[in-house]
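For the single chain, residues carry numbers from 1 onward in sequence order.
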Amino acid sequence: MTQVTPSELIVARHGEFWLLRKPAGLLSQPSEVERSSLLTLVEDHLGLKLHLYSRLDRPVSGLIVASGRIKKVELPIIQKTYVAITTKASDHEGTIHGYISRDGQKRRALYTDRQSPGFRQCELTYRVVGSLERYDIVAITLDQGRFHQIRVQMASVGRVIKGDVKYGARRGYRDRSIDLHSAQVQFADGTSFTTLAEREGELWRLADTYIGQL
């Protein structure tokens, strides 16, 4: 994980909401065995308690929304845009409908394209925005996120996220990160916030060019 100062984790403030940037490898919030997290670092820096409205898996980087309000209020976000580096497939765009559940013991998502007891409906839209020889850069939009939704749904159409061995990648990274980045959130008032991935490699340099144009 790239070392950053707490102030670098804060992207912007929008009304009562804070836009935070999580590096890959850092927890969104503390666990039972590890206190160090995006939430604790920013709370200690600001000297106030925050409520997270979204979370990212540890291997994922990008934007997270938080609020300083004690009571949770409705989050006025109408769209989230992610960027992923995936294996190639024949379709260059599409919408994936399905149903998802969580296997708590194995900490992975269970996925089906048919309605089943205990499964919740999920949907995302994707579009290829760049390519190199072996991988595509894919923009993904969704209104809300289920547990490991992007990872399992993209794998279901043959677009495995690079480094994501849990859902079919042949090789992982030494730091256990995966090539998925939460790039932009758009609020209902039309305001949007974007953060570059700033990760190593030619694919991510190309991806950041796309993100910079959002």
Discussion item. Just checking E202: does its CD atom have more than 12 heavy atoms from other residues, nucleotides or ligands closer to it than 6.0 angstrom?
Written reply: no

Worksheet item: Is the number of heavy atoms from other residues, nucleotides or ligands within 6.0 Å of CZ (R107) greater than 12?
Response: no

Fill in: Closest non-hydrogen atom pair between A183 and L63, with its separation
O-CD1, 3.5 Å

Response to the item:
Correct closest heavy-atom pair for A139 and V129 would be CB-CG1, 3.9 Å

Discussion item. Under a 3.5 Å cutoff, is there a donor and acceptor pairing between the side chains of S31 and E34?
Written reply: no

Practice prompt. Assess the side chains of T141 and T81: does a donor N or O sit below 3.5 Å from an acceptor N or O?
Written response: no

Discussion item. side-chain contact (heavy atoms from CB on, under 4.5 Å) for W204 and V83? Distances and angles first, verdict last.
Written reply: CA-CA 10 Å; W204 276 115; V83 172; 4.2 Å; yes

Do [X] and [Y] have side-chain heavy atoms sitting under 4.5 Å apart?
| X | Y | result |
| --- | --- | --- |
| D44 | P6 | no |
| D91 | Y126 | yes |
| L26 | L41 | yes |
| P59 | K166 | no |
| P23 | L9 | yes |

Worksheet entry | side-chain hydrogen bond (donor to acceptor under 3.5 Å, both in side chains) against S61, all qualifying residues, sequence neighbours excluded | H181, R199

Worksheet item: With sequence neighbours excluded, what pairs up with D136 under the side-chain hydrogen bond (donor to acceptor under 3.5 Å, both in side chains) test?
Response: K88, S131, R159

Discussion item. Classify the ring geometry of F17 against F187: parallel below 30°, tilted from 30° to 60°, perpendicular beyond 60°.
Written reply: tilted

Item to complete: Could you go through the side-chain contact (heavy atoms from CB on, under 4.5 Å) check for L142 and Y82 one step at a time?
Response: CA-CA 9 Å; L142 67 167; Y82 292 76; 3.3 Å; yes

Worksheet item: Measuring from R151:CZ to D57:CG, what's the distance to the nearest 0.5 Å?
Response: 5.0 Å

Worksheet item: In Å, rounded to the nearest 0.5 Å, how long is the span from OG of S37 to CD of E43?
Response: 7.5 Å

Fill in: Worked verdict on D164 versus M154 for side-chain contact (heavy atoms from CB on, under 4.5 Å)
CA-CA 11 Å; D164 195 0; M154 294 307 294; over 6 Å; no

Discussion item. Test side-chain contact (heavy atoms from CB on, under 4.5 Å) on I150 and I161; report intermediate values, then the result.
Written reply: CA-CA 9 Å; I150 294 175; I161 294 172; 4.1 Å; yes

Worksheet item: Hey, which of R146, H97, Q149 is the one that makes side-chain hydrogen bond (donor to acceptor under 3.5 Å, both in side chains) with E123?
Response: H97

Worksheet item: Quick one: is the NZ or CZ of R102 closer than 6.0 Å to the six-membered ring centre of F147, and within 45° of its axis?
Response: yes

